[in-house]
Amino acid sequence: MSQSEFRMNWIDSRKSDIGQQMAELRRRLSPQGNVVSKAGQAKTIEIFGEPLTPVQVVEKICADVAQNGLSALLDYNRRIDHAKLTGETIRVPQEELAAAHEQASPDFLTAIRHIRHNIEEFQRAILHENVRLDGDGYWLMERYRPLRRVGICVPGGAAAYPSTVLMTAIPAQVAGVKQIALMAPPTQFGAYNPDLLATCYELGIDEVYRMGGAQGVAAFAYGVEGIERVDKIVGPGNLFVALAKRHVYGSVAIDSIAGPSEVVVIVDNSTRAEYTACDILAQAEHSPGASILIGWNEDVLLAAEKAIGEQIGKVSRGELARQSLMDFGAIILVRDEDEACRLTDQIAPEHLQIATANAEQLADKISNAGAIFLGNFTPVAVGDYAAGPSHVLPTSGTARFASGLTSNDFLRPGSLIHFTQPALTRIAPDIHTLATMEGLTAHRESVDIRSEKQ
């Protein structure tokens with residue numbers, strides 16, 4: 001297919017059941033572990049000797065690591081990632097982190113420091129503070145304490161992501177987490193990538209492990225020889241990482257079960273077609289990823305589609321983006337901006353870019369989105385890399401109830417309650433009544449025996 005012939009899937013709200021079509025798209029992108037490529041099936045058989053589903057693969061790996069510890073972790077590193085590591089070499093040496101930092105480009109380190117400042121400033125501004133309520137003879141408090149130890153997952157299969165280090169580790173540091181352990185797969189884009197290692201060193205992260213996938217998640221969740229278990233696991237990853245996080249939840253906390261990246265872009269007459277093309281391709285190049293364009297002017301949408309076809313051959317991951325758009329992209333023609341907002345709320349996208357002249361007014365009509373980017377000069381990349389809010393966001397429609405990672409996700413709230421005897425006496429009748437109704441007489445007596453009347 002030539003660039004001029006490039007066509008995306010069109011949906012006309014006046015003629016189609018959008019709800020059904022969007023539900024099907026969401027189902028195919030959801031991290032449920034039911035869909036496996038032929039190449040994935042072949043690799044599963046090669047490694048495990050049978051055609052397991054991804055869910056079964058994750059269950060087996062996690063059980064093996066939980067039971068056999070480091071030996072199982074190293075074995076899966078070898079079988080899945082072809083990495084011949086030992087208990088001594090699975091952790092990146094401090095001197096290697098320092099060397100990567102010393103050899104890093106000055107421009108790269110300058111950018112890292114600028115972005116670190118932006119993230120710290122925003123995450124510190126939103127950080128929860130202790131709240132105390134004083135009454136007559138009593139006080140109540142909601143107190144926040146940082147988690148002791150956190151594990152961070154950084155992808156490294158198809159590209160290097162120093163930005164993920166920044167967007168996960170810095171919020172944890174702002175919250176006061178003292179121990180941060182980071183894992184990245186043993187690949188050239190993962191724990192062997194000098195830019196990623198330089199970023200870790202710049203942030204003061206010295207516990208970096210060459211491991212990925214479900215085996216890495218299991219090692220963080222259960223602990224193995226030389227790797228202490230963590231209290232919470234955060235960060236993105238592939239399907240197996242997402243399923244493993246779901247599997248170990250309860251043994252540790254997790255941030256979310258993330259699926260592929262996704263964006264909804266809303267456009268009107270004020271939007272330049274070449275801007276829209278870049279915005280759509282920026283998500284599609286993640287591959288897989290959902291890129292959905294919504295508008296109420298057909299000419300604007302046609303111009304954007306043409307611009308996408310013209311630019312798709314100019315980006316380095318153009319063929320991946322093309323396939324992603326064919327599989328998971330859509331252009332939706334709606335009746336008006338109100339319908340665009342209602343549909344967007346139903347989709348609940350990870351990223352929402354409102355590239356219209358009245359972007360703030362439309363944003364007020366939309367509740368469900370991981371992060372919202374307003375106007376023609378706020379592309380999603382601003383949030384992905386530099387603005388301050390984390391780029392770890394809810395996917396697969398979970399923005400209906402979930403939110404992006406923040407410094408507050410690394411705090412554990414707890415209640416403090418203090419009553420004097422007079423204050424206890426005043427509240428005792430209510431407790432007496434309710435405890436009696438529930439038949440918990442020991443609860444009732446523990447209050448009555450302390451009251452002034454008693």
Side-chain angles (χ1 to χ4, degrees), residues 58-59 61-67 69-70 72-73 90-92 119-120 123-124 126-130 141-155 164-185 191 200 203-237 240-258 390-394 398 401-416:
V58 165
E59 291 173 347
I61 290 175
C62 289
D64 284 351
V65 173
Q67 182 174 353
L70 180 62
L73 171 63
I90 195 169
R91 180 169 176 172
V92 179
I119 297 173
E120 287 179 339
Q123 297 294 338
R124 193 174 290 115
I126 65 172
L127 192 67
H128 290 321
E129 297 181 352
N130 294 344
M141 178 180 283
E142 187 76 349
R143 185 181 71 176
Y144 296 92
R145 291 291 185 268
L147 299 176
R148 183 185 67 87
R149 180 171 169 80
V150 168
I152 292 174
C153 304
V154 178
T164 296
V165 180
L166 299 171
M167 295 291 180
T168 52
I170 295 174
Q173 291 175 330
V174 168
V177 176
K178 298 301 183 184
Q179 295 185 28
I180 298 176
L182 185 145
M183 78 171 198
C200 290
L203 299 185
I205 300 172
D206 60 5
E207 192 176 349
V208 181
Y209 295 100
R210 290 182 167 123
M211 61 186 190
Q215 65 271 22
V217 172
F220 273 166
Y222 306 130
V224 301
E225 299 93 314
I227 304 176
E228 183 184 353
R229 68 179 300 181
V230 302
D231 300 316
K232 187 169 189 174
I233 300 174
V234 304
F240 295 95
V241 169
L243 292 173
K245 287 167 70 177
R246 184 175 71 180
H247 183 83
V248 302
Y249 176 66
S251 296
V252 292
I254 62 172
D255 54 349
S256 64
I257 305 168
S390 177
H391 72 200
V392 179
L393 299 167
T398 59
F401 54 82
S403 57
L405 188 70
T406 74
S407 50
N408 294 311
D409 292 306
F410 299 98
L411 296 177
R412 187 181 60 80
S415 301
L416 277 70

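Atoms considered below: every heavy atom in the structure, side chains included; atoms not considered: hydrogens, waters and symmetry mates.
Side-chain atoms of Q173 come within 3.5 Å of backbone N or O of L203 as a donor-acceptor pair. At least one donor-acceptor pair under 3.5 Å links the side chain of N130 to the backbone N or O of Y144. Judged by distance alone, the side chain of R148 and the main-chain N or O of Q179 form no donor-acceptor pair under 3.5 Å. With hydrogens and angles ignored, the 3.5 Å screen pairs no side-chain donor or acceptor of S256 with any backbone N or O of P394.
Within a 6.0 Å sphere centred on CZ of R145, other residues, nucleotides and ligands contribute more than 12 heavy atoms. By the 6.0 Å contact criterion, CD on E225 is enclosed, its count of non-hydrogen atoms from other residues, nucleotides or ligands being greater than 12.
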Assess whether side chain to side chain contact (heavy atoms under 4.5 Å, CB included) is satisfied between V217 and M183, documenting all intermediate values. CA-CA 9 Å; V217 172; M183 78 171 198; 3.8 Å; yes
Decide side chain to side chain contact (heavy atoms under 4.5 Å, CB included) for S415 and M141; before the verdict, give the C-alpha distance in whole Å, the side-chain angles of both, and the deciding distance to 0.1 Å. CA-CA 6 Å; S415 301; M141 178 180 283; over 6 Å; no
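To the nearest 0.5 Å, the span separating CG on L411 from CZ on R143 amounts to 12.0 Å. Note: D206 CG to I180 CD1 = 10.0 Å, rounded to the nearest 0.5 Å. Between I152 atom CD1 and M167 atom CE the span is 13.0 Å, to the nearest 0.5 Å. Note that CZ of F410 is 7.0 Å distant from OG1 of T168, once rounded to the nearest 0.5 Å. Rounding to the nearest 0.5 Å places CG of D255 at 8.0 Å from SG of C153. H247 NE2 to I254 CD1: the interatomic distance, rounded to the nearest 0.5 Å, is 12.0 Å.
Side-chain contact between V165 and I205 is present, with at least one heavy-atom pair separated by less than 4.5 Å. A 4.5 Å side-chain heavy-atom check between I61 and D64 finds every atom pair outside the cut-off. Put simply, the side chain of V230 does not reach to within 4.5 Å of the side chain of V150, judged on heavy atoms. Side-chain contact check for V177 versus K232: every heavy-atom pair is 4.5 Å or farther apart. Within the 4.5 Å cutoff, side-chain heavy atoms of P155 are placed close to those of P236. For the pair E207/E228, no side-chain contact is recorded, criterion being any heavy-atom separation below 4.5 Å from C-beta on.
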